[in-house]
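Note that the numbering runs from 1 along the sequence shown for the chain.
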Amino acid sequence: MDVKAAQHDVRRVYRGGFSGPLVSALIWAVASAVYQWGSITTAITVLFIGGMLIFPLSTLVLKLMGSPAFLPKGHPSIALAMQSAFTVPLGLLVAIALGTAAPSLFMPASLIIVGAHYLTFISLYGMRLYGALAVVLVAVGAAAIFVAPELRDITGWIGAAVLLVASLPLFISYRREESRA
């Protein structure tokens with residue numbers, strides 16, 4: 001199987017990948033609410049555990065839409081998808097350590113980690129839209145840490161909004177491709 005065919009399979013099965021950012025937006029919103037009105041420790045827990053639930057919940061969304069929600073066994077893109085997914089919880093360990101020392105840095109650092117993980121989706125899906133998503137998430141997180149510390153307390157909300165908005169062009173792109181086929 002060539003790369004273009006593998007990418008087409010990933011886009012087709014995961015419908016452009018829209019459900020991941022959609023579910024992520026919900027998890028980020030919940031974690032942000034807990035951060036704002038609860039405790040940093042609980043917000044960290046929500047984002048970490050919620051992050052581990054993104055793939056199963058995204059799969060559920062896809063199953064509810066009908067048709068397959070998994071790549072076929074042995075598909076060459078499965079390994080890249082798994083490697084990309086495992087970067088987030090491992091990276092979040094750094095954000096957790098940082099957030100323990102300076103709680104206001106947890107959400108921005110987490111946005112940088114999540115944004116960076118979307119870079120592999122450019123190759124996985126063959127969609128440059130993921131590059132734009134990565135750049136925006138990383139830029140918001142970095143700006144909150146280095147340039148505009150007043151954004152730190154709302155970066156989770158901004159991340160949730162960016163992820164929610166990103167899910168729409170991802171789905172539209174998938175629908176356009178399918179309508180041409």
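M52 and V94 end up in different hydrophobic clusters when Ile, Leu, Val, Met, Phe, Trp and Tyr side chains are linked at under 4.5 Å. Following chains of ILVMFWY side-chain contacts shorter than 4.5 Å, one can reach F55 starting from F86, so the two form part of one hydrophobic cluster. I96 and I112 are members of different hydrophobic clusters when ILVMFWY side chains are connected at heavy-atom separations under 4.5 Å. V135 and M107 are not part of a single hydrophobic cluster, where members link through side-chain heavy atoms under 4.5 Å apart. Cluster annotation: I113 is not connected to L105 through the hydrophobic network of ILVMFWY side chains, with a link wherever side-chain heavy atoms come within less than 4.5 Å.
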For a side-chain contact (heavy atoms from CB on, under 4.5 Å) check, start with the C-alpha distance between V88 and F48, then their side-chain angles and the critical distance, and finish with the verdict.
CA-CA 9 Å; V88 176; F48 189 79; over 6 Å; no
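In terms of the side chain to side chain donor-acceptor pair (under 3.5 Å) criterion, S58 has no residue partners (sequence neighbours excluded). Scanning for side chain to side chain donor-acceptor pair (under 3.5 Å) contacts around Y35 gives D153, with sequence neighbours left out.
Minimum heavy-atom separation, A43 to V34: N-CG1, 3.4 Å.
Side chain of T155 to main chain of R152: a donor-acceptor pair is present (N/O by atom type, distance under 3.5 Å, no hydrogens or angles). One N or O on the side chain of T120 and one on the backbone of H117 form a donor-acceptor pair closer than 3.5 Å. R128 contributes no side-chain N or O that, together with a main-chain N or O of I122, makes up a donor-acceptor pair within less than 3.5 Å. A distance-only check finds a donor-acceptor pair linking the side chain of S32 to the backbone of W28 [under 3.5 Å]. In this structure, the side chain of S173 does not engage the main chain of P169 through any donor-acceptor pair within 3.5 Å.
Under the 4.5 Å side-chain criterion, counting only non-hydrogen atoms from C-beta, L133 is in contact with L163. S24 has its side chain out of reach of V114: every pair of non-hydrogen atoms, C-beta onward, lies at least 4.5 Å apart. You'll find the side chain of E177 reaches within 4.5 Å of the side chain of H8, heavy atoms only. Using a 4.5 Å heavy-atom threshold, the side chains of Y14 and L71 count as touching. Residues L124 and Y118 fail the side-chain proximity criterion, which asks for heavy atoms closer than 4.5 Å. Two residues are said to be in side-chain contact when any heavy atoms from C-beta on lie closer than 4.5 Å; K63 and T59 meet this criterion.
Taking the six-membered ring where tryptophan is involved, the planes of Y174 and F171 are tilted, since the angle between them lies from 30° to 60°.
Residue-environment remark: CE (M82) stays at or below the threshold of 12 foreign heavy atoms within 6.0 Å.
The six-membered or imidazole ring of Y125 lies near that of Y130, with a centre-to-centre distance under 6.0 Å.
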